[in-house]
J.: 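Shown below is the structure under consideration.
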Amino acid sequence: MIRLESYVNGAWRAGSAEGRPLVNPTTGEVIGSVDATGVDVASAFQHARRVGGPTLRGMTFAERGELLGAIANALAANRDAYAEIARVNSGNTASDAAIDVDGGIGTLKYYARLAKGLGAHRALIEAGDEQLSRAETFRARHVWTSRMGVALHINAYNFPSWGLWEKAAVALLGGVPVIAKPASATAWLSERMVRDVVAAGVLPPGVLQLVCGAGEDLLDELQPMDSLAFTGSAKTGDQLRGHARVLEAAPRVSIEADSINAAVLMPGTGSGSPVFDVFLKEVVRAVSVKAGQMCTNIRRVFVPADQAAEVSEAIRAAVGKITVGDPGVAEVKLGPVVHEGQRQSALEGIRHLQKETRVIAGGDTPENALNADPKRGAFVAPTVLAAESAADLGLVHELEVFGPVLTILPYRTQEDAAELCRRGGGSLTASLYGEDPATLAATALDIGSHHGRVLVVDPVVGAGHTGHSIVMPQCVHGGPGRAGGGEELGGLRGLRFYMQRTALQGSPDMLKAVEASAAPAAL
Ligand code: NAP
């Protein structure tokens, strides 16, 4: 049986209680446990403050980039083991695991490259030299320096690799040591990855620590210069935001929560057109890839009312071809959700949505699963729901069913489609599929205020896009309102969370001296 440990204060430590079970969701078998009872998290924070922080702040951006590159190389050397852990502990198919594992390694490499460009500096300086008074000799520049705190990262179960590394990469580049807490259900992959990086000997002491277990006492350690970056459900996000210590110490807080993302088939995009095919492929991916457990996943599909019947039938037929079963079998496109509790939650969510919709595919546990028992494993059939009209509905715009589930909703005009997208109350991602760049541009701007990212597919983009659900490190990730209001990644923009912008007022000579020791950057 696997018993996960935490890496704190330079050593691996096991919790003292039985902890929570780790389960293989394909078979329901218990494979180990995770627990952090008695792990001294206060000493982890101290270690980060006294050792990790000063070490990182003493390194230039280029040196921190080398560290990120070395972490990526250590992980790449063990990639095959990660796919196996992801299959056994998360129910991932090989391509599901690649999104998580390669996404993490790729993000580290991307930030390693960005760091190289910032060179041998430790601070950033923005363009723009402002004269503040009559005297030309009194001016201002804006500079960024590393916050002297600890980055506490609390991650969701669906991305034990990418979630860990996309946050750590930016914090470490920003000069801030990390304490990461993976979600218990899938912490094995995070633990194994950190073990490999520690074993590779590339981590300076105190720059990266890992707490595997409930970690409820972590927030008690937060200080004003720290930051808390959380990814998970809106419910937990609200709890953490209102935590007494968070309110008292006022660390920086970023919440990446759930979201009712939309895909819109624009008017006049008929079946048979290449853009329609791309749209259909993305919709099918939403109910197969990672068993629908992606925060950016398409949950609502808006289609022109006069095409609704035809599009629903095309989606039903394509979804009917998805092979459900053991994620280790090559033909399987849809594995189980993470555990029985998540299956029950998804099935309950489907039942709630049925108050406003009808089932046109799936809707329950699948009858068959290739090389698996659909009753023992945590399987949910790929599920497509539909409604006659979207306007008067509530649940479809509010309830995230975290599994292979989406709802097709008709709309009448381009303005209606935009309004319906906004009914999600703030989302991570929307995607638009159409032929006319001007209409697409107008719709993208109409929904921009409510979205962190909008993917626009026209005939020129065609199949050459990176995917509705895939987060690219070059682009910001996060959404307003119910999506949590956070913003991560986006190249150097991600550094805002870990560095402090200071308006520096003084003489041209003083500002020149600062400029000489800072990398130019536009955050
Ligand atoms: P969750 O239940 O909210 O848990 C998220 C994390 O919070 C886990 O690590 C959990 O630890 C931890 N946690 C819970 N209570 C805590 C407390 N009192 N103190 C400290 N930590 C605490 O979410 P999940 O089920 O793992 O993930 C699924 C949800 O995440 C979905 O709603 C999905 O939309 C969302 N998500 C959002 C994004 C995004 O970028 N916006 C990305 C991925 C997922 P334990 O596991 O140990 O309980």
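Order of appearance sets the numbers: ligands from 1, and atoms from 1 within every ligand.
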J.: For ligand 1, is Lys235 a contact, meaning one of its heavy atoms is under 4.0 Å away?
T.: no

J.: With a 4.0 Å cut-off on N to O distance, would you call Arg87 and Glu84 a salt bridge?
T.: yes

J.: Should Arg195 and Glu191 count as an ion pair when the cut-off is N to O under 4.0 Å?
T.: yes

J.: Mark up the atoms of ligand 1 that fall under 4.0 Å of a heavy atom belonging to His477, in ascending order.
T.: 39 (C), 40 (O)

J.: How far is atom 46 (O) of ligand 1 from the closest protein heavy atom, and which atom is that?
T.: Ser184 N, 2.9 Å

J.: Is it true that the NZ or CZ of Arg496 lies under 6.0 Å from the centre of Trp144's six-membered ring and within 45 degrees of the ring axis?
T.: no

J.: Among protein heavy atoms, which lies nearest atom 25 (O) of ligand 1, and at what distance?
T.: Tyr157 CD2, 3.3 Å

J.: Out of Pro327, Pro336, Ser90, which one pairs with Pro25 under the side chain to side chain contact (heavy atoms under 4.5 Å, CB included) rule?
T.: Pro336

J.: Return the option from Ser427, Gly478, Gly232, Ser190 holding the heavy atom at the smallest distance from atom 30 (O) of ligand 1.
T.: Gly232

J.: Using a strict cut-off of 4.0 Å, indicate which atoms of ligand 1 neighbour a heavy atom of Ile154.
T.: 6 (C), 7 (O), 9 (O), 12 (C), 20 (C), 21 (N)

J.: Provide, to 0.1 Å, the distance between atom 19 (N) of ligand 1 and the closest protein heavy atom, together with that atom's residue and name.
T.: Leu240 CD2, 3.7 Å

J.: Under a 4.0 Å heavy-atom limit, does Arg20 contact ligand 1 with its side chain, its backbone, both, or neither?
T.: side chain

J.: How close does the nearest protein non-hydrogen atom get to atom 11 (O) of ligand 1, and which residue and atom is it?
T.: Lys181 NZ, 2.9 Å

J.: Please find the pair of heavy atoms, one from Glu340 and one from Ala378, that lie closest to each other, and give the distance.
T.: N-CB, 3.9 Å

J.: Are any of the side-chain nitrogens in Asp258 or Arg482 under 4.0 Å away from the carboxylate oxygens of its partner?
T.: yes

J.: Ion pair present between Glu488 and Lys167, side-chain N to carboxylate O less than 4.0 angstrom?
T.: yes

J.: Angle between ring planes, Phe279 versus Tyr433, binned at 30° and 60°: parallel, tilted or perpendicular?
T.: perpendicular

J.: Any cation-pi pair here, Lys290 with Phe159, using under 6.0 Å and within 45°?
T.: yes

J.: Pull out every atom of ligand 1 sitting under 4.0 Å from any heavy atom of Gly213, numbered as shown with elements.
T.: 47 (O)

J.: Can you label the angle between the Trp162 ring and the His477 ring as parallel, tilted or perpendicular, going by 30° and 60°?
T.: perpendicular

J.: How long is the span from the CG atom in Leu208 to the CG atom in Leu172, to the nearest 0.5 Å?
T.: 6.5 Å

J.: Among protein heavy atoms, which sits nearest to atom 23 (O) of ligand 1, and what does the distance come to when rounded to 0.1 Å?
T.: Ser233 N, 3.4 Å

J.: I need the atoms of ligand 1 closer than 4.0 Å to a non-hydrogen atom of Ala257, numbered in the order shown.
T.: 37 (C), 39 (C), 41 (N)

J.: Starting at CG of Asp226, measure out to CE of Met148 and round the result to the nearest 0.5 Å.
T.: 13.0 Å

J.: Should Phe402 be listed as contacting ligand 1, given a heavy-atom distance under 4.0 Å as the test?
T.: yes

J.: Could you list which atoms of ligand 1 come closer than 4.0 Å to a heavy atom of Asn158?
T.: 43 (C), 44 (C)

J.: Indicate yes or no: does an N/O atom of Asn155 lie under 3.5 Å from an N/O atom of ligand 1?
T.: yes

J.: What protein heavy atom sits nearest atom 34 (O) of ligand 1, and how far off is it?
T.: Glu400 OE2, 2.6 Å

J.: Specify side chain, backbone, both or neither for Phe230, according to which of its non-hydrogen atoms lie closer than 4.0 Å to ligand 1.
T.: side chain

J.: Can you name the salt bridge (charged side-chain N to carboxylate O under 4.0 Å, His left out) partners of Arg13, sequence neighbours left out?
T.: none

J.: Counting from 1, what ligand 1 atoms have a heavy atom of Thr231 closer than 4.0 Å?
T.: 5 (C), 36 (N), 37 (C), 38 (C), 39 (C), 40 (O), 42 (C), 43 (C), 44 (C)

J.: Counting only heavy atoms closer than 4.0 Å, does ligand 1 sit against the backbone of Leu218, its side chain, both, or neither?
T.: neither

J.: Mark up the atoms of ligand 1 that fall under 4.0 Å of a heavy atom belonging to Leu428, in ascending order.
T.: 41 (N)

J.: Among protein heavy atoms, which lies nearest atom 37 (C) of ligand 1, and at what distance?
T.: Cys295 CB, 3.1 Å

J.: Ala183 heavy atoms, cut-off 4.0 Å: which ligand 1 atoms fall inside?
T.: 8 (C), 9 (O), 26 (O), 46 (O)

J.: For ligand 1, is there an atom lying under 4.0 Å from some heavy atom of His243?
T.: no

J.: What protein heavy atom is closest to atom 22 (C) of ligand 1, reported as residue, atom name and distance in Å?
T.: Thr236 CG2, 4.2 Å

J.: If every non-hydrogen atom of Leu334 is compared with every non-hydrogen atom of Ala291, which pair is closest and at what distance?
T.: CD1-CA, 3.4 Å

